Amino acid sequence: MHLAHYLGLLHRAQLTLGDAFREVGAAHGDEPDVAEQCARQARRCDRHARDLEPFARRYAEDAPDEPERLHSELFRGTRTGGLGLVRDLHDLYLMATECELCWTVVGQAAQGLRDAGLFAVVRRWEGETAIQVKWLRTRIKQAAPQALVVAAD
Amino acid sequence: MAERDAVTDPWGERAPYGPGEEWPVRVDQHLVDIPDKWVRTASVLHSDGDALDLGVRDGRLVGVRGRAEDRVNRGRLDPKDVYGWQANASPDRLTRPLVREGSRLVEATWDEAMDRITARSRELLAKPGGWGRFGFHTSGQLFLEEYYTLSVIGKAGIGTPHMDGNTRLCTATAAAALKASFGTDGQPGSYTDVDHCDAIALWGHNAAETQAVLWSRVLDRRRGHDAPAMLAVDPRDTPVTAEADVHLAVRPGTNVALLNGLLREVIARGRVDEDFVRRRTLGFEALRATVEPYTSAHVADVCGVPAARVEEAAELVGTADRLFSTVLQGFYQSNQATAAACQVNNLHLLRGMIGRPGAGLCQMNGQPTAQNTRETGADGDLPGMRNWDNPEHIRELAELWRVDEAVIPHWSPPTHAMQVFRYAEQGSVELLWISATNPAVSLPELARIRRVLSREELFVVVQDIFLTETARLADVVLPAAAWGEKTGTFTNADRTVHLSDKAVEPPGEARPDLDIFLDYARRMDFRDRHGDPLIRWHDAESAYAAWQECSRGRPCDYTGIGYADLRSGSGVQWGGERLYAERFNTDPDYCESYGHDLATGAEFGAEEYRAKNPAGRAFLHAVAYEPGAETPTDEYPLVLTTGRTLYQFHTRTKTARAPELQAAAPEPWVQLHPDDARELGIADGDPVLVRSARGELRLPARVGGTRRGVVFVPFHYGYWDLDAAGPVADAGRAANELVATRWDPVSKQPLYKATAVAVVKEG
């Protein structure tokens with residue numbers, strides 16, 4: 001059974017995304033909306049990971065193999081300036097999208113397994129990840145024209 | 001005809017009346033000489049829209065008289081109406097353009113001043129992304145015709161989304177909440193709901209000081225037979241909270257928790273108008289689930305008010321047959337601003353309290369003409385309450401203005417004021433044109449704002465009637481004509497449109513703001529796609545006619561309200577007395593916004609919106625309470641909220657020049673709870689230091705009038721009367737020195753009521 005593989009992916013992706021939100025937020029303190037929202041979203045990721053953890057542990061007993069590298073681990077730290085902000089939010093967007101898809105995959109498997117507890121966790125939090133994706137897209141759309149067309153730095 | 005001392009008697013004599021009766025007329029006036037003519041206008045020193053006539057003798061203003069026939073004030077005048085007009089004749093009015101020569105501003109001709117602006121404008125437009133190098137920060141004090149002209153210059157001439165106003169600081173949340181719940185901007189209710197209601201709730205709205213004449217109306221109902229019950233939510237003690245039957249002095253920033261608790265009680269006690277909810281709303285089940293954990297005990301804990309008081313409040317709003325609510329800065333400038341304002345909408349939707357006499361709400365405006373900034377799109381909206389994300393709405397504007405759709409910036413929402421200043425700080429906005437407002441006192445974190453405005457690379461244009469703190473930092477200062485010296489219209493917080501006619505000549509070379517914008521458009525030679533001038537109007541009435549066309553078919557349709565109507569009668573409401581008796585404005589093709597996630601500000605798209613199939617129903621938005629980002633710490637243990645005093649308006653540019661008003665409130669102060677004062681060893685009148693992570697103020701203490709842990713400083717006071725743009729000898733006195741650069745995720749309104757501070761006794 002390969003559920004453990006995806007649960008591990010999702011669990012780790014949530015932890016990594018939470019850290020990345022924290023890092024990007026701290027790096028862009030001069031954009032207070034970004035800093036504040038990133039801090040909030042990092043706490044949401046922590047909560048998701050916390051609720052996934054018991055399931056990840058339980059199913060890991062069936063499949064001890066470590067999952068391979070994630071896209072989310074490609075994040076290599078923050079940048080500065082208007083373009084840097086867009087690129088950092090872009091990274092977060094890709095990572096959040098990966099989480100979003102993982103929720104879907106894990107949710108499907110949870111239904112196949114009739115694991116009501118796991119499915120409830122998926123139903124409870126997948127919407128928050130979807131909102132993270134939307135918020136990142138909204139903020140990127142706002143920042144992109146000025147950063148790419150107007151700003152010199 | 002009453003001449004009263006409006007300072008000591010701000011609300012005047014009571015005229016008690018009962019439900020459904022007409023509010024009795026009381027004509028107030030104040031004259032210093034006998035007028036040889038009267039000229040019609042309305043107040044521009046608050047958002048109430050009190051109709052009045054200016055008395056003129058030998059070409060000078062000599063007084064004011066309330067208009068008895070007007071629906072808004074029935075002849076009454078508030079203290080700022082009574083005395084504020086005197087500022088027009090101040091000897092320190094700006095009378096000639098000024099241009100910067102090194103560290104000095106020197107007098108110049110209009111040609112010299114405008115040439116500097118147009119030369120810089122052309123240079124910037126020639127660069128890649130030229131549109132993005134312009135920022136406009138306008139006002140809630142100009143006239144509709146001026147805003148609309150500026151809006152077209154910005155959106156169709158330059159093609160920039162970077163236009164907003166100080167309305168962002170006062171009414172952005174009102175607009176955001178109205179759009180979110182009902183589909184478009186527009187006050188559902190009317191001041192006449194005061195005449196009919198059996199309960200009135202003021203949510204973070206100190207009406208006694210912000211809209212004194214409306215408050216007189218409330219008091220007159222309260223003194224009459226079958227008086228309405230009254231609820232007030234405010235962490236401070238004010239004349240409103242003293243009058244209320246139930247006062248909830250909530251901990252700042254907890255409004256969503258309180259409202260969720262009240263909604264829960266309304267549901268639990270079976271006070272929901274189920275038929276209304278079924279037919280006319282969407283989202284009830286999600287709302288019910290979200291508010292379920294907010295028991296009175298939990299709310300009491302979060303908000304710091306007794307559970308019994310929460311239940312009394314729930315009973316008051318839950319049993320009313322005709323509930324009228326007003327909402328203002330206590331909600332709009334606090335944590336979870338839009339979410340909280342939407343919960344007041346929810347209360348009215350759950351109880352079916354909308355669209356009939358006495359049952360309604362007003363998401364109030366702070367500034368006199370803020371409604372028009374919003375309607376005309378001079379503030380981060382599109383004209384006519386159009387939706388930037390709806391291609392058909394953009395096509396309508398392009399057709400109306402005869403420009404290419406691509407010129408009109410609609411790739412994301414218009415840029416909000418705080419972001420415009422951020423771009424100016426970073427250097428991508430290189431020209432910032434500020435009209436009729438004073439961000440060097442009114443925006444958060446003033447040291448930063450002064451730094452931005454002083455940047456060598458930033459070309460700052462200030463258009464004003466006085467040399468404000470902001471004007472002192474400008475590169476070009478344009479002297480404007482004041483209210484009373486120019487003609488135009490404006491709309492108050494209950495959609496009442498008034499005409500303001502020119503009564504006297506402006507001083508020196510000062511010009512109406514409309515003429516300044518028209519002159520800029522002419523000099524820049526903005527053209528439409530046929531090669532004709534983009535701006536095809538030349539005075540206030542022709543600008544108004546152009547706006548009428550723009551508003552046609554939209555919620556704020558002005559086509560039925562002409563100058564002649566406004567001259568022959570008095571104030572006229574667009575949209576009729578009340579909105580939404582039948583349908584809400586949520587149809588996808590008509591709505592102003594496809595909506596946001598209220599917790600993050602994430603935008604929803606057209607497809608998602610259509611999938612909800614709103615079909616003229618209102619949205620019940622459910623949001624859980626989340627604490628604000630700035631909460632008290634060991635270093636900064638108190639919470640600062642800023643606000644207003646009855647006798648001053650905005651940054652006092654006019655009111656401090658009216659001797660009676662200035663004498664009534666000459667200096668700022670900091671208000672503390674007696675227990676906090678005792679612990680800090682502070683007595684009434686002591687000089688104290690108020691510090692936050694951003695700055696510090698030196699002010700006299702006033703003990704009493706706030707809840708424990710909360711301090712209050714009025715925001716009006718700056719430095720122009722000290723002949724400076726900022727603090728002199730480190731003695732800060734502008735409240736916004738302390739406030740953080742932060743804003744609500746949806747309305748983008750700065751959060752002025754959530755600053756962690758420390759207070760210590762000085763000397």
Side-chain angles (χ1 to χ4, degrees), chain A residues 21-22 25-26 28-47 79-86 89 92-93 96-97 100 120 123-153, chain B residues 124 127-135 159-162 286 335 388-389 409-416 418-420 422-430 444-445 448 457 595-605 608 624 626-630 740-746 748 750-751:
Chain A
F21 265 125
R22 253 181 290 275
H28 295 281
D30 288 338
E31 314 291 345
D33 58 333
V34 171
E36 203 170 299
Q37 206 52 252
C38 283
R40 260 180 221 280
Q41 298 310 323
R43 290 195 295 274
R44 288 186 171 186
C45 292
D46 295 346
R47 213 156 49 203
R79 311 160 176 91
T80 58
L83 181 61
L85 176 69
V86 174
L89 295 176
L92 291 175
Y93 180 90
T97 311
E100 196 183 21
R123 291 297 297 268
R124 183 159 185 212
W125 299 132
E126 63 181 349
E128 287 196 350
T129 302
I131 289 293
Q132 288 175 343
V133 171
K134 269 192 222 310
W135 173 71
L136 288 162
R137 180 185 279 275
T138 300
R139 192 62 180 83
I140 290 167
K141 279 178 72 175
Q142 180 199 325
Q146 195 76 5
L148 271 59
V149 180
V150 187
D153 63 344
Chain B
L124 295 178
K127 293 195 203 177
W131 52 265
R133 300 171 193 277
F134 291 75
T160 184
H162 306 331
N335 176 44
W388 63 269
D389 207 11
H410 62 283
W411 45 77
S412 68
T415 315
H416 63 91
M418 303 300 288
Q419 190 66 49
V420 173
R422 175 63 181 147
Y423 290 149
E425 181 177 36
Q426 288 176 305
S428 62
V429 160
E430 299 176 71
E445 203 178 344
R448 169 175 176 265
E457 304 79 5
H596 299 83
D597 170 57
L598 295 191
T600 59
E603 279 155 10
F604 296 118
E608 285 162 288
E626 285 190 74
E630 182 155 318
T741 304
R742 291 179 45 223
W743 54 85
D744 181 69
V746 181
K748 316 294 194 281
L751 305 179

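To find a chain, count down the sequence lines: A is the first, B the second, and so on, and within it residues start at 1. Small disclaimer: the values here were computed from a predicted structure and weren't measured.
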Proximity breakdown for [X] and chain A, heavy-atom pairs closer than 4.5 Å:
X: B:E430; value: neither
X: B:H596; value: neither
X: B:R422; value: side chain
X: B:E630; value: neither
X: B:P414; value: neither
X: B:A599; value: both

Comparing A:V149, A:D33, A:L136 against chain B, the one with the most heavy-atom pairs below 4.5 Å turns out to be A:D33

Max heavy-atom pair count under 4.5 Å with chain B, selected residue of A:P145, A:A144, A:A35: A:P145

Salt bridge or not for A:K134 and B:E608, using N-O below 4.0 Å? yes

Any chance you could measure [X], atom [atom1], to [Y], atom [atom2], to the nearest 0.5 Å?
X: B:T160; Y: A:Q146; atom1: OG1; atom2: CD; answer: 7.5 Å
X: A:I131; Y: B:D597; atom1: CD1; atom2: CG; answer: 4.0 Å
X: A:R139; Y: B:S412; atom1: CZ; atom2: OG; answer: 9.5 Å

Which atoms of [X] are under 4.5 Å from chain B, going by heavy atoms: the side chain, the backbone, both sets, or neither?
X: A:E36; answer: side chain
X: A:R40; answer: side chain
X: A:R43; answer: neither
X: A:Q41; answer: side chain

Taking B:R742 for the side chain and A:P32 for the main chain, is one N or O donor matched with an acceptor at less than 3.5 Å? no

Any side-chain to backbone donor/acceptor pair from A:T138 onto B:E603? Under 3.5 Å, distance only. yes

Whether over 12 other heavy atoms sit under 6.0 Å from A:R22 CZ: yes

So which of [options] has the biggest tally of heavy-atom pairs under 4.5 Å with chain A?
options: B:R448, B:E425, B:H162, B:K127; result: B:H162
options: B:P409, B:A602, B:G605; result: B:A602
options: B:K748, B:M418, B:E626; result: B:E626

